[in-house]
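First the proteins, then the strands, lettered A, B, ... as listed; each starts at 1.
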6 protein chains.
Amino acid sequence: MEKKASESLVVMTELVLPNDTNTFGNLMGGRLMYWMDIAAALAAMKHCAAPVVTASVDNISFETPIKLGNVVHIEAKVTRAFNSSMEVHLKVWGEDAIQQYRYKSNEAYFTFVALDPNGKSRTINGLIPETEEEIKLHQGALRRRQIRLILGGKMKAEDAEELKALFVQQK
Amino acid sequence: MEKKASESLVVMTELVLPNDTNTFGNLMGGRLMYWMDIAAALAAMKHCAAPVVTASVDNISFETPIKLGNVVHIEAKVTRAFNSSMEVHLKVWGEDAIQQYRYKSNEAYFTFVALDPNGKSRTINGLIPETEEEIKLHQGALRRRQIRLILGGKMKAEDAEELKALFVQQK
Amino acid sequence: MEKKASESLVVMTELVLPNDTNTFGNLMGGRLMYWMDIAAALAAMKHCAAPVVTASVDNISFETPIKLGNVVHIEAKVTRAFNSSMEVHLKVWGEDAIQQYRYKSNEAYFTFVALDPNGKSRTINGLIPETEEEIKLHQGALRRRQIRLILGGKMKAEDAEELKALFVQQK
Amino acid sequence: MEKKASESLVVMTELVLPNDTNTFGNLMGGRLMYWMDIAAALAAMKHCAAPVVTASVDNISFETPIKLGNVVHIEAKVTRAFNSSMEVHLKVWGEDAIQQYRYKSNEAYFTFVALDPNGKSRTINGLIPETEEEIKLHQGALRRRQIRLILGGKMKAEDAEELKALFVQQK
Amino acid sequence: MEKKASESLVVMTELVLPNDTNTFGNLMGGRLMYWMDIAAALAAMKHCAAPVVTASVDNISFETPIKLGNVVHIEAKVTRAFNSSMEVHLKVWGEDAIQQYRYKSNEAYFTFVALDPNGKSRTINGLIPETEEEIKLHQGALRRRQIRLILGGKMKAEDAEELKALFVQQK
Amino acid sequence: MEKKASESLVVMTELVLPNDTNTFGNLMGGRLMYWMDIAAALAAMKHCAAPVVTASVDNISFETPIKLGNVVHIEAKVTRAFNSSMEVHLKVWGEDAIQQYRYKSNEAYFTFVALDPNGKSRTINGLIPETEEEIKLHQGALRRRQIRLILGGKMKAEDAEELKALFVQQK
């Protein structure tokens with residue numbers, strides 16, 4: 001029973017409170033990752049209808065700081081289902097509601113594993129991408145998975161065919 | 001005024017409480033990243049003696065789950081100072097104090113930027129690695145920086161000389 | 001400068017954690033109202049582009065309890081702007097992601113006052129309802145306002161023309 | 001086995017901390033309702049000696065804001081026991097301990113249902129009001145219950161005999 | 001301008017939530033001391049009408065554990081005002097509202113210093129004990145102060161006349 | 001099976017966030033005791049390999065306040081194991097990472113009881129002090145235990161041989 005990518009969408013809105021900020025009054029990176037992890041986990045659960053655990057987090061760059069009193073918007077959607085894991089794509093915006101100004105904060109990819117009632121990993125139903133963006137994210141998921149396996153020491157760089165092309169493309 | 005890597009060491013110990021766990025009674029990834037971000041930021045501040053903000057987080061794999069009531073040990077140490085940023089290496093263990101059993105949870109690299117009082121990035125003093133492990137981490141920091149720049153879209157893959165070697169090493 | 005009702009929409013998603021629940025493992029009403037107040041305040045701020053404070057909360061009935069580990073979905077949208085106050089309508093659902101089951105929890109109306117930088121109430125721009133539901137909520141806002149004024153002791157029951165009709169409609 | 005109203009009294013004192021406040025440094029309405037819900041639930045439990053869940057909250061007006069660093073005083077007492085539900089009356093004050101100044105913040109009525117060990121509603125012992133204020137609150141509870149039922153759509157306005165009188169009292 | 005001991009009374013009620021408990025489901029000592037410190041600080045502020053800081057905490061024994069879901073009652077009252085410090089007496093009870101059972105948990109003495117706007121200690125108005133218990137606590141405050149000074153290394157044991165009597169009373 | 005004192009060492013590092021501070025921006029005493037209790041409990045658990053509960057806290061003096069944004073360092077180590085209880089010694093420092101300045105905040109002794117699975121106290125393995133400081137703390141533990149018993153009303157002052165010497169030493 002396959003499900004559409006759009007069915008996994010989770011939209012989260014949080015207000016930046018004093019305890020979430022550093023001495024410059026900016027949202028701390030760790031607090032943002034805490035929210036992102038929950039939003040991504042909920043998206044993964046909506047797709048696979050099972051409990052999930054965070055398996056890995058890809059490189060995240062924090063571009064624009066989000067200020068105290070501003071709003072954090074997180075959108076999370078599953079990009080691809082592998083055998084027992086799923087990749088979730090996250091987009092994060094800050095918003096100054098007084099200035100009516102919304103700005104991109106960062107993007108990220110989290111990977112989750114679905115568990116059966118004994119806590120063992122279980123098979124996941126397929127995912128159908130529909131929009132152009134969903135299809136592009138679905139295709140890129142394979143390449144990002146290779147990067148993850150190499151960075152995690154589980155695949156040799158020279159076996160990563162898709163990535164190799166990136167580094168020797170002039171041939 | 002250079003400082004030794006060991007001077008930046010931060011050791012953090014936390015107890016996993018009910019609100020930190022998912023329905024399997026395991027520590028949520030986002031809560032762990034929240035603690036890691038604070039430990040790493042403190043290590044970076046100890047090195048550069050200035051406020052810092054999280055610039056990026058490298059790929060993290062969560063291997064062994066940490067259970068409710070267990071202890072989280074985090075060690076954070078700066079590996080290398082660049083112009084205005086620092087890379088911090090983190091090691092995370094779980095510990096079951098009743099079973100007297102300590103287990104590796106994960107490793108990670110966080111990057112921080114030092115700020116002047118106006119919130120602009122500022123120059124950072126150098127870092128002197130001493131032990132064999134510190135020297136190895138110091139050297140690897142260049143390669144990880146290239147990966148970060150490529151993954152962040154700020155460097156072309158074919159310009160990353162160090163990485164290129166990994167993918168075409170048979171030549 | 002009027003704004004559309006739909007521009008004020010805020011969607012919030014929260015996970016029910018152990019500390020949010022009573023001894024039956026159900027979300028406590030007070031914790032839910034805490035989230036509702038923030039969602040509604042953000043909707044009000046998006047409409048009026050000014051800081052807001054909660055002026056009043058209408059009767060809330062808690063129908064179906066939301067369980068530990070379930071998800072809380074809150075949608076908040078401004079229904080009508082008065083001189084210096086706004087009424088916000090909230091819909092709350094619970095969702096069991098494992099059972100793929102979503103259920104209505106409750107509905108509510110919160111009223112907010114917009115403040116100028118000195119903390120005094122200020123005039124609010126108008127609101128344009130567009131959909132059938134928005135128009136209905138916009139119309140009902142007058143009646144609910146009368147109820148609020150009567151219940152708050154600021155209007156005599158016999159002066160509330162709209163309400164009076166409800167009680168003596170057989171005439 | 002009836003119990004006196006005064007036996008259910010709960011007095012709660014809380015300090016307003018930074019994370020409880022909005023950008024004006026005033027206690028957020030949602031945080032106050034969180035405390036009120038707990039105080040009221042404890043009063044209800046003291047009366048019925050059983051677990052309780054919040055059934056409904058009556059209209060609340062927030063009059064005077066409570067400032068950061070000030071103290072919140074909440075007094076909760078059961079006004080009347082119905083078949084399986086109880087109405088609890090709350091009075092809330094703010095206090096500036098430095099200025100030695102105490103001010104009324106708001107009043108509210110919360111309704112709770114008592115549960116048996118299977119989570120079903122159960123019969124509640126009667127309540128004896130003693131003081132003049134307790135007796136007045138006990139009598140008013142019937143009228144407020146009619147308002148709740150009408151506002152919750154469970155009673156027709158024309159069947160609410162007590163309320164009808166309010167709107168057509170000139171006859 | 002002296003004030004009565006009874007004017008400083010603070011009554012605090014808290015519900016023990018999952019995150020407040022250890023693996024046996026009992027309230028952690030540190031969480032209880034957090035609440036006790038706030039209750040005592042508020043009592044001290046009510047007496048001296050100035051900000052206060054915790055100067056010291058006397059020996060505390062935790063007798064009966066307070067269970068998850070039970071209620072914590074704290075009563076704090078100033079016993080005596082010294083030059084710039086005050087001693088506050090605390091009584092703590094647990095209560096199982098379902099079993100209608102209230103039990104003594106512990107007693108404690110906290111000492112606070114009053115601060116002027118520059119953060120320097122300031123003179124405190126006197127305190128008038130009225131009830132028998134208040135008078136007894138007021139008298140005992142001198143002896144407890146000697147113990148504090150000796151235990152804190154600020155007074156020699158042989159200079160503590162009141163205490164000396166305790167150890168050599170048979171003479 | 002005896003264990004060394006050093007095996008029980010716990011190092012905890014915390015960042016002082018806005019919600020941890022009073023109106024002077026200093027860490028509240030109660031929040032510090034919350035962290036100290038957890039650090040000490042973990043040290044006790046590491047020694048006895050069993051769950052523990054806080055039995056008592058000795059007099060604590062708070063010397064230097066720790067500021068918002070500063071770091072709290074806590075070191076906890078068991079000093080002596082009695083029949084079913086352990087004494088833990090804590091040292092607390094504040095650190096201003098920007099000023100590169102570390103300062104002593106306070107010292108304390110917490111006592112814990114080890115529990116068997118039924119929640120009854122159980123026998124604890126012995127502790128071997130090694131360094132000069134550990135030996136001194138180990139010896140002083142007997143005297144502090146007498147003080148605790150006297151202050152807790154469980155021993156008569158004239159039976160406390162070690163303490164008596166302090167008060168009548170001129171003989």
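- Across E:E107, E:E75, E:R80, a single residue satisfies side chain to side chain donor-acceptor pair (under 3.5 Å) together with E:H89, and that is E:E107.
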Candidate pair E:Y34 and E:D20, rule side chain to side chain donor-acceptor pair (under 3.5 Å), full reasoning
CA-CA 11 Å; E:Y34 172 82; E:D20 305 326; over 6 Å; no
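- Ion pairing of E:K77 with E:E7 is absent here, as no side-chain N (NZ or NE/NH1/NH2) approaches a carboxylate O to less than 4.0 Å.
- Your options are D:G69, D:A39, D:A97, and the one with the most heavy-atom pairs under 4.5 Å with chain E is D:A97.
- If you tally non-hydrogen atom pairs under 4.5 Å between each of D:E14, D:Q99, D:H73 and chain E, the highest count goes to D:E14.
- At a 4.5 Å heavy-atom cutoff, the contact between E:V11 and chain D is made by backbone and side-chain atoms alike.
- Heavy atoms closer than 4.5 Å to chain E are found in the side chain of D:E95, but not in its backbone.
- Looking at E:E87 and E:R148, a side-chain N of the basic residue comes within less than 4.0 Å of a carboxylate O on the acidic one, giving a salt bridge.
- Among the candidates D:D96, D:V52, D:L42, D:I38, the residue making the largest number of heavy-atom pairs closer than 4.5 Å to chain E is D:L42.
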Please lay out, stage by stage, how E:N26 and E:K67 fare under the test side chain to side chain donor-acceptor pair (under 3.5 Å).
CA-CA 5 Å; E:N26 291 331; E:K67 306 295 285 180; 3.1 Å; yes
